[in-house]
Amino acid sequence: LLRDATTYVPAGLLYTSMRLDWSSSQPFFQHGFVEDNARYTVSGLPRDEPLAYADGNRKILLDSLAVLPASLANNFLAHMIERRLTDSYPEHRKLWKTLSWIERIAFASYTSYKLSGPHFEQWQKNQRLAQQYGFVQP
């Protein structure tokens, strides 16, 4: 369970996507733009002054680690079901192992996509806008 990559992939991708989003937002903040996400503002209200860069990084780390319990629970449950099915139907051990892998990969993929996708999109949008505004070199 602890050596299973599907346990860590959603948290790792979320962390990466949020860091890219956060870092690519910094040039805008330096030019007076505000943060839309209330979790990353000083006041806790949307469209307000952003947190300091280091504070945002800390929050990103904690938000990313918050995904781990769901992955751990899913993988634990998948392993338990696989073990039960193998005990009941040992002649299909390979099938249960394969189905367990498929389920864990599907869960990690879906979770990663749903959580990280918007941040990767925002990062790309920030990159394009920063270049248009001349905040960064092409």
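What you see is a predicted model; the values in this text were computed from it and never measured.
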- Message: Any side-chain to backbone donor/acceptor pair from Ser88 onto Leu85? Under 3.5 Å, distance only.
- Response: no
- Query: Among the clusters formed by ILVMFWY side chains lying less than 4.5 Å apart, do Leu61 and Leu115 turn up in the same one?
  - Reply: yes
- Value rounded to 0.5 Å, distance of CD in Gln26 from CZ in Phe135: 12.5 Å
- Answer yes or no: is there a side-chain heavy-atom contact under 4.5 Å between Tyr89 and Leu95? no
- Message: Which heavy atom of Ser112 sits nearest to which heavy atom of Pro10, and what is that distance?
- Response: OG-CA, 3.2 Å
- Query: Just wondering, do Asn74 and Glu103 contact through their side chains at under 4.5 Å, heavy atoms?
  - Reply: yes
- Calculate, to the nearest 0.5 Å, the distance between atoms CG and OH belonging to Leu65 and Tyr8 respectively. 11.5 Å
- Task: Report the distance from atom OG1 of Thr98 to atom CZ of Arg93, rounding to the nearest 0.5 Å.
- Result: 9.5 Å
- Check whether any side-chain heavy atom of Tyr113 sits under 4.5 Å from a side-chain heavy atom of Leu13, and report yes or no. no
- Query: Less than 4.5 Å apart, any side-chain heavy atom of Tyr133 and any of His31?
  - Reply: no
- Identify the two heavy atoms, one from Asn126 and one from Ser24, that lie closest to each other, and give their separation to 0.1 Å. ND2-OG, 2.9 Å
- Item | Student check: side-chain heavy atoms of Phe107 and Val9 closer than 4.5 Å | no
- Task: Could you give me the CA-CA distance, side-chain angles and deciding distance for Trp22 and Phe29, then say whether ring pair (Phe, Tyr, Trp, His ring centres under 6.0 Å) is met?
- Result: CA-CA 10 Å; Trp22 182 243; Phe29 301 152; 5.6 Å; yes
- Note on the structure: Smallest heavy-atom separation, Thr6 atom then Trp101 atom, equals CG2-CZ3, 4.3 Å
- Query: Out of Asp21, Ile60, Asp48, Asp55, which one pairs with Tyr40 under the side chain to side chain contact (heavy atoms under 4.5 Å, CB included) rule?
  - Reply: Ile60
- Roughly how far apart are Leu99 CG and His92 NE2, rounded to 0.5 Å? 11.0 Å
- Query: Got more than 12 heavy atoms from elsewhere within 6.0 Å of OH, Tyr53?
  - Reply: yes
- Query: Out of curiosity, does Leu72 fall in the hydrophobic cluster containing Val67 (side-chain heavy atoms, cut-off under 4.5 Å, transitive links)?
  - Reply: yes
- Task: Kindly indicate whether the side chain of His79, heavy atoms from C-beta on, has any atom under 4.5 Å from the side chain of Asp4.
- Result: yes
- Item | Residue pair Met18 / Asp63: nearest heavy atoms and the distance that separates them | CE-OD2, 3.8 Å
- I would like to know whether Arg58 and Leu51 meet side-chain contact (heavy atoms from CB on, under 4.5 Å); could you show each step before the answer? CA-CA 10 Å; Arg58 234 180 330 280; Leu51 293 173; over 6 Å; no
- Query: Considering all heavy atoms of both residues, which atom of Gly44 and which atom of Ala38 are nearest to each other, and what is their separation?
  - Reply: O-CB, 3.3 Å
- Message: To the nearest 0.5 Å, what is the distance between CG on Leu77 and OG on Ser100?
- Response: 9.5 Å
- Flag the pair His119 / Leu14 as yes when at least one side-chain heavy-atom distance between them is below 4.5 Å, and no otherwise. yes
- Message: Distance check, rounded to the nearest 0.5 Å: Arg47 atom CZ versus Phe33 atom CZ?
- Response: 14.0 Å
- Query: Around atom CD of Glu49, are there more than 12 heavy atoms of other residues, nucleotides or ligands at under 6.0 Å?
  - Reply: no
- Would you say Lys97 and Lys94 make side-chain contact, with heavy atoms under 4.5 Å? no
